Undergrad: 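Before I ask anything, here is the structure I am working with.
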Amino acid sequence: MKAIPIEQLRRLVAPLLALSMITNLSILVSPIFMMQVLDRVVPSANNATLILLLFVALLALVANAIAEGIRDRCLSRVTRWVQSNATPAILAQPPAAQPELLAQVSRLRNFFNGNEVSSFLNLVWVPLFLVALFLINPLYALLVIAIIGVVQMVSGAIDNISHTTKAAVRELKELEVSQIAQFESWSLQPRMLHIRDQLAETITTTQAKRFLAEDIVEGSQNFGTAFRSFMRLASQLVALSLGAYLVAQNLQTAGAMIAASIVTAKTISTVEQSLGAVKELPKIREAFQAMSNLKFPEKEKTDVIDLSGGLTCANLIYPRGEGAPPRLDRISFELKAGECLVIIGDSASGKSSLLNVLAGLDSAPIGTVTLDQSDIKHLGANACRDQIGYLPQHATLMSGTVLENISGFDGAVTDAEVIETAKAAKIHGLISALPQGYNTDVLANPHLLTAGQKQQIALAGVMFRRPKYLFLDEPNSLLDRHAERTLCGVLSELKEGGTTIVMILHRSGAIGLADKVLAMERGRMADFGPRAEVLSRQHDGNRRITLPLRESSLQDLADWITVQFTRSGDLGFSGKAVLLGSELFQAAFLNGPGDRAREVHIAFKFL
């Protein structure tokens, strides 16, 4: 993989130093001008000399302005160069690593756009100012060194106090957050008011400690700022006083006194800013190192034009580490093109981990997933994009129009292609009923679409490129009965077209589409085979159900009745059984005592 050419920035060091030399030399223009005017022009009243000095000083200031403009322009372009080179490589990294890398790019952007670069460059020329002060009088150079030493000693002590106290503030904040979460959980518990009151008192105590620590940090920082400001102003006064003494002793001229006071103040200010920037040097070095280690995306591994739809999963093992049971343990099965596999199981049984590995979103350290004899790890991005579709349980739509979300923001797509996909997903009518139809901005009008409708639009986006493999995580969890039947119709047509479908289901409304069912338990395959056989084994001895007699249990009852029917032709019987069971449930719910909790026991039997 090709690395980002971050090392090319070394070429800028020499030009930037040259520009910095011009800008720092220009700082001496004003002191030299003042010294010459006071020592030569004023005593001699020579206007020609004054005009010549002014002309030379203005030329020097013009050169300084040009140098600063070139420097700032150069740094702005460097910022854009770093971002343009780093962004593609960052976006190709695993999602978990991207936020930290983007933060490093942001740090470099602030470094080049801020004052840090100028401060580092100015620090190089501080000896020049000390030499100038030494030439005027060595006492000025000693004065500057002494003041800088005192300021740094006090600042270092303040930074040590702030660093220690900031760590305590962070710990107290984390403790306060955990205590508040604990308070909220106990607040929901009846007859626990005394515990809640104790927790409230504990939170108040922690908060008081945090306020005290924050006050110490802010106080030390405020003192440091005030002290540095005092030293800046005092240094100029001390320099003027020293100059006045030297003038009174006929050891220097009045012009030299003014020039020395200006250079003294500027030197101390430059050192203060530069040493402040030096504190950020480790972070900047870390950011440069991160960019140096960043690699450009590899070229396409295997750009498969078309896949048949066959899927083979061989001995997948996904360890957790530290002796914990693996997420996936020896998972193996095979699907033919156009088959539908439904993965069922309890929470934390490994269903989502398996789906992510099958879809190529995650990689199991051991075992292989083969799509039409091609290892999914070796498929390129284009092949995965065109051949594999994935729909999470709670799909989100991007900022843009419905048309853009379905087309994947592909500007080369025609409206007719998007409409054709929407019709295949059976949501053309839904979209046409929106205020701007396909041009409706989904985020600008967040309340126009329900969660289930957003899920349907997201499914259309997954279908747009007509993938041969479709991986769905509980696609019916947000849908009502009508939308669920529509979903089943869409998936049935995709199956007939040769699309291989793998989906996780908790609600059983779409399980009739399954050719095979995989039951997961603690990362293992508890059962696998044809739908009717697996469900029969799963439901043996489970023809009875007990539910709390409340309105929210009605959907659970309907799902339970539906799952009893395993044949694809049982849809009509299933609907009638659900209707009958719902009526029986409602009769029990609406009649009988309502002042106590009740349960309903239902038995199911085929005659």
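Note that the numbering runs from 1 along the sequence shown for the chain. A quick note: this is a predicted structure, and the numbers were derived from the prediction, not measured.
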Undergrad: Judged by atom type as modelled, is there a donor-acceptor pair below 3.5 Å linking the side chain of S178 to the main-chain atoms of L175?
TA: yes
Undergrad: Does any non-hydrogen side-chain atom of I376 lie less than 4.5 Å from one of I388?
TA: yes
Undergrad: Using a 4.5 Å cut-off on heavy atoms from C-beta on, say whether the side chain of F211 contacts that of D215.
TA: no
Undergrad: Say whether, by atom type as modelled, one donor and one acceptor occur between the side chain of N222 and the main chain of E218 under 3.5 angstrom.
TA: yes
Undergrad: With no hydrogens and no angle check, just 3.5 Å: does a side-chain donor-acceptor pair link T79 and N113?
TA: yes
Undergrad: Taking it one step at a time, do F112 and W81 satisfy side chain to side chain contact (heavy atoms under 4.5 Å, CB included)?
TA: CA-CA 11 Å; F112 287 115; W81 181 85; over 6 Å; no
Undergrad: Within the 3.5 Å criterion, strictly below it, is a donor on R80 or Q83 matched to an acceptor on the partner's side chain?
TA: no
Undergrad: Is the closest side-chain heavy-atom distance between V502 and I343 below 4.5 Å?
TA: yes
Undergrad: If you measure only the distance, is there a donor-acceptor pair under 3.5 Å linking the side chains of N122 and S118?
TA: no
Undergrad: Once rounded to the nearest 0.5 Å, what's the spacing between atom CZ of F223 and atom OG of S155?
TA: 9.5 Å
Undergrad: Might you point out which heavy atoms bring A290 and L101 nearest each other, and give the distance in Å?
TA: CB-CD2, 4.5 Å
Undergrad: As a quick check of understanding, evaluate side-chain hydrogen bond (donor to acceptor under 3.5 Å, both in side chains) for S20 and N24, giving each step before the final call.
TA: CA-CA 6 Å; S20 176; N24 279 274; 3.1 Å; yes
Undergrad: When you look at F409 and M398, which way does the side chain to side chain contact (heavy atoms under 4.5 Å, CB included) test go after all the steps?
TA: CA-CA 9 Å; F409 293 84; M398 304 294 290; 3.6 Å; yes
Undergrad: Taking the side chain as every heavy atom from C-beta outward, state whether T368 and C313 have any pair of such atoms under 4.5 Å apart.
TA: no
Undergrad: I need the F464 CZ to I406 CD1 distance, nearest 0.5 Å.
TA: 8.5 Å
Undergrad: When rounded to the nearest 0.5 angstrom, what distance separates CG in N356 from NZ in K351?
TA: 12.0 Å
Undergrad: Write down the atom of E68, the atom of T23, and the distance for their closest heavy-atom approach.
TA: CG-CG2, 3.5 Å
Undergrad: Closer than 3.5 angstrom, by distance alone: can the side chain of S269 be matched with the main-chain N or O of A265 as a donor-acceptor pair?
TA: no
Undergrad: So, does Q455 use its side chain to make a donor-acceptor pair with the main chain of P392 at under 3.5 Å?
TA: yes
Undergrad: Would you check if D473 and M503 make a side-chain contact, meaning some heavy-atom pair closer than 4.5 Å?
TA: no
Undergrad: Are the side chain of S407 and the backbone of L403 linked by a donor-acceptor contact shorter than 3.5 Å?
TA: yes
Undergrad: Taking the side chain as every heavy atom from C-beta outward, state whether R232 and R228 have any pair of such atoms under 4.5 Å apart.
TA: yes
Undergrad: Let me see the working for L448 and V442 under side chain to side chain contact (heavy atoms under 4.5 Å, CB included), right down to the final yes or no.
TA: CA-CA 8 Å; L448 278 178; V442 293; over 6 Å; no
Undergrad: Can you tell me how far apart CD1 (I148) and CE (M231) are? Round to the nearest 0.5 Å.
TA: 10.0 Å
Undergrad: With a 4.0 Å cut-off, would you call R170 and E174 a salt bridge?
TA: no
Undergrad: When you compare the side chains of D329 and Y318, does any donor N or O come within less than 3.5 Å of an acceptor on the partner?
TA: no
Undergrad: Kindly indicate whether the side chain of L434, heavy atoms from C-beta on, has any atom under 4.5 Å from the side chain of V402.
TA: yes
Undergrad: I'd like to know if the side chain of R320 and the backbone of P325 have a donor-acceptor N/O pair within less than 3.5 Å.
TA: yes
Undergrad: For the ring pair F333 and F528, is the centre-to-centre distance below 6.0 Å?
TA: yes
Undergrad: Going by the side-chain contact (heavy atoms from CB on, under 4.5 Å) test, name the single residue among L328, I504, D346 that passes it with M520.
TA: L328
Undergrad: Could you go step by step and tell me if T87 and V105 meet the side chain to side chain contact (heavy atoms under 4.5 Å, CB included) rule?
TA: CA-CA 9 Å; T87 300; V105 172; 5.7 Å; no
Undergrad: Please name the pair of heavy atoms, one in P365 and one in P319, separated by the smallest distance, quoted to 0.1 Å.
TA: CG-CD, 3.9 Å
Undergrad: Flag yes if more than 12 heavy atoms outside D375 fall under 6.0 Å of its CG atom; otherwise flag no.
TA: yes
Undergrad: Compare every heavy atom of I427 with every heavy atom of I457, then report the nearest pair and how far apart it is.
TA: CA-CD1, 3.8 Å
Undergrad: Closer than 3.5 angstrom, by distance alone: can the side chain of E404 be matched with the main-chain N or O of T401 as a donor-acceptor pair?
TA: yes
Undergrad: Between L478 and H394, what is the shortest heavy-atom contact and its length?
TA: CD1-ND1, 3.7 Å
Undergrad: Which heavy atom of S220 sits nearest a heavy atom of I158, and at what distance?
TA: O-CG2, 3.3 Å
Undergrad: For the pair F230 and F227, name the ring-plane relationship: parallel under 30°, tilted 30 to 60°, perpendicular over 60°.
TA: tilted
Undergrad: Hey, what do you get for CD (Q456) to CG (L479), rounding to the nearest 0.5 Å?
TA: 5.5 Å
Undergrad: Is there a side-chain contact between I501 and L491, using heavy atoms and a 4.5 Å cut-off?
TA: yes
Undergrad: Is it the case that the side chains of S106 and R109 hold a donor-acceptor pair, with the cut-off being a distance below 3.5 Å and no angle test?
TA: yes
Undergrad: Give, for atom CG of L518 and atom CE of M525, the distance between the pair rounded to the nearest 0.5 Å.
TA: 5.0 Å
